[in-house]
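In what follows, a structure is listed as structure tokens, so that the remarks can point back to it.
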Amino acid sequence: MTTTSPAATKAGGLRTGVQRFGTFLSGMIMPNIAAFIAWGFITMLFIPAGFFGVDSPFGWHWYPVAELVGGGGDSAIIGWQGAMTAVAEGADGNFFGYVGLVGPMVTYLLPLLIANTAGRMVYGERGGVVATIATMGVIVGTNIPMFLGAMIMGPLAAWITKQMDKLWDGKIRPGFEMLVNNFSAGILGMLLAIFGFFAFGPVMLGISAVLGGAVDWLVALNLLPLVSIIVEPAKVLFLNNAINHGVFTPLGIEQATETGKSILFLIEANPGPGLGLLLAFTFFGVGVAKASAPGAAIIQFFGGIHEIYFPYALSKPTTILALIAGGAAGVTTNMVLGGGLAFPAAPGSIIAVTAAAIGPGVGNLLVVYLSVVIAAVVTFLITGVILRASRKRDLEAEGDSFGDAIAQTEANKGKSSAAMDALRASSGAGAAGGAAGAGAGVATDRRIENIVFACDAGMGSSAMGASVLRNKFKKAGVEGVTVTNQAIANLDGTADLVITQQQLTDRAQAQSPNSIHVSVDNFMNSPKYEEVVEMVREQRDSDA
């Protein structure tokens, strides 16, 4: 752990670049996951075959279901199985007036939310507005949910807006700024919407058709399980967001609007492989890994924090083969028996998987459960064989290998996390890791009032770290300090002190160069926290 100066350095490397791209892709989707879940629950409850649908498998029928799903009357399915085709075919019940919630949400709301989020990531509120306008043209110009279109047009429109503003930056006469800004954004949005309608939309239809055809081709040839060869190693290397949220979620939503569920939502989110790996370490592991695996299994399976099993795989890289086999077995089960989820399971806990699987029916839920069990069993058996074969050698070599694996996991991810920190603390690796990096103390003459924990997404890991530090300030009786968490991309330079995992400090420095930066390798149990608390307390005492 080190305290860094405000001078910024640039992080490089192929892995970092890929991780940044994956973070950007997932950054468009993840803030809007709640909307996806809301849409999923609405479809699960009110489509004709849902809990309260006219064809409910439970015999329940709530009368207003037709109005919610759309089309009017008990035969209402417009907006579920063919909202756009109903318009094209001139079906009774005008699409724009009678489709209820399901169709408009998946056709308009979700893609526009993605576009707005993407635009804001590139160019703030102004970029978000233009991105939303432009994406509307793409949506109307196609007849399928335009998630991929939103993920491309959104950032593109925001970037064009940014370049346009540079043309007259500092050249607008005082008093005309609002006029120029509003009209320029409106005119550009109009042009991009027209372009999206006539040109971009058809291109995206072609791309979506190719990707959808590729998935259908894999399914038809029973090759979809081979995707696990890419997905499972990618998860261990923290490249899963680029695959899951960048490809599987958009394609899965399109598939779910047609069939009510999608197998794509379960390729990455299935908690079975991770559970099987951790159970194998519980029974056949050695030392720290064996002792900590049971607790990690609970966190992974019920909490959905898959990253907690990555150090175990890295400590014994051959177990990645077991993860691939388990993942492929789970995909095969769902492919053969027709299992899938109605909406993305985020996080990938068995609780979220259950909620997303029960909508298409109890039979589907049982198939999904079976896929989880089979994935876990296959991974468990293969991992057990690998561990048993090397048990004697592992006992002789036991030492810091597991702690090194935790550190390698965080290095691969490019950030720390509460799951890794809890794992390190429970294994005793935290103390060693802390001592190794505690060479420089936290010291500054700058008055610290605003502390920000920053990570890639600005959610789980940094939120837990901020909570830990807030509690430490509270126990120490230190007041007047604000501790928050946010994504590195959202750092605006106002923070007095920024705390990041070591691999992310360079990026944080570049984003907020005037802040004091503290690097840690343990968000939950870092000795640096005590130093920060003591420094702030000394500042307050000197003011008294």
Pairwise distance CZ(Arg470) to OG1(Thr482) - rounded to 0.5 angstrom: 9.5 Å

Under 3.5 Å: donor-acceptor pair, side chain of Thr142, backbone of Ile139: yes

Test item: side-chain donor near acceptor, Thr117 and Asn32, under 3.5 Å: yes

Check: Asn270 side chain, Leu266 main-chain N or O, donor-acceptor pair, under 3.5 Å: no

Whether Phe41 and Phe343 hold their rings parallel, tilted or perpendicular, with breakpoints at 30° and 60°: tilted

Approximate separation, where rounding is to 0.5 Å, of Ile263 CD1 and Leu218 CG: 10.5 Å

Evaluation steps, side chain to side chain contact (heavy atoms under 4.5 Å, CB included), between Ile267 and Leu224: CA-CA 9 Å; Ile267 292 179; Leu224 192 60; 4.2 Å; yes

Intermediate values then yes/no, side chain to side chain contact (heavy atoms under 4.5 Å, CB included), Thr500 and Val498: CA-CA 7 Å; Thr500 52; Val498 177; 3.9 Å; yes

Asn364 side chain to Ala357 backbone, donor-acceptor under 3.5 Å: yes

Of all pairs that satisfy side chain to side chain donor-acceptor pair (under 3.5 Å), the ones with a partner from residues 120-133, not counting sequence neighbours: Asn116-Arg120, Asn116-Thr132, Tyr123-Asp165, Arg126-Asp165, Arg126-Ser184

Ring pair (Phe, Tyr, Trp, His ring centres under 6.0 Å) assessment of Phe36 paired with Phe147: CA-CA 12 Å; Phe36 283 85; Phe147 296 99; 5.8 Å; yes

Heavy-atom pair with the smallest gap, counting every atom of Ala256 and Phe265: CB-CE1, 4.2 Å

Interatomic spacing from CD in Glu449 to CG in Leu497 - rounded to 0.5 Å: 12.5 Å

Thr161 backbone acceptor or donor facing Gln163 side chain under 3.5 Å: no

Closest non-hydrogen atom pair between Gly493 and Ser515, with its separation: O-OG, 4.2 Å

Which residues share a side-chain hydrogen bond (donor to acceptor under 3.5 Å, both in side chains) with Ser349, sequence neighbours left out: none

Test log, rule side chain to side chain contact (heavy atoms under 4.5 Å, CB included), inputs Phe453 and Gln486: CA-CA 6 Å; Phe453 278 75; Gln486 60 185 156; over 6 Å; no

Main-chain N/O of Pro271 paired with Gln300 side-chain donor or acceptor, under 3.5 Å: yes

Distance-only polar pair, side chains of Asn334 and Ser371, donor-acceptor under 3.5 Å: yes

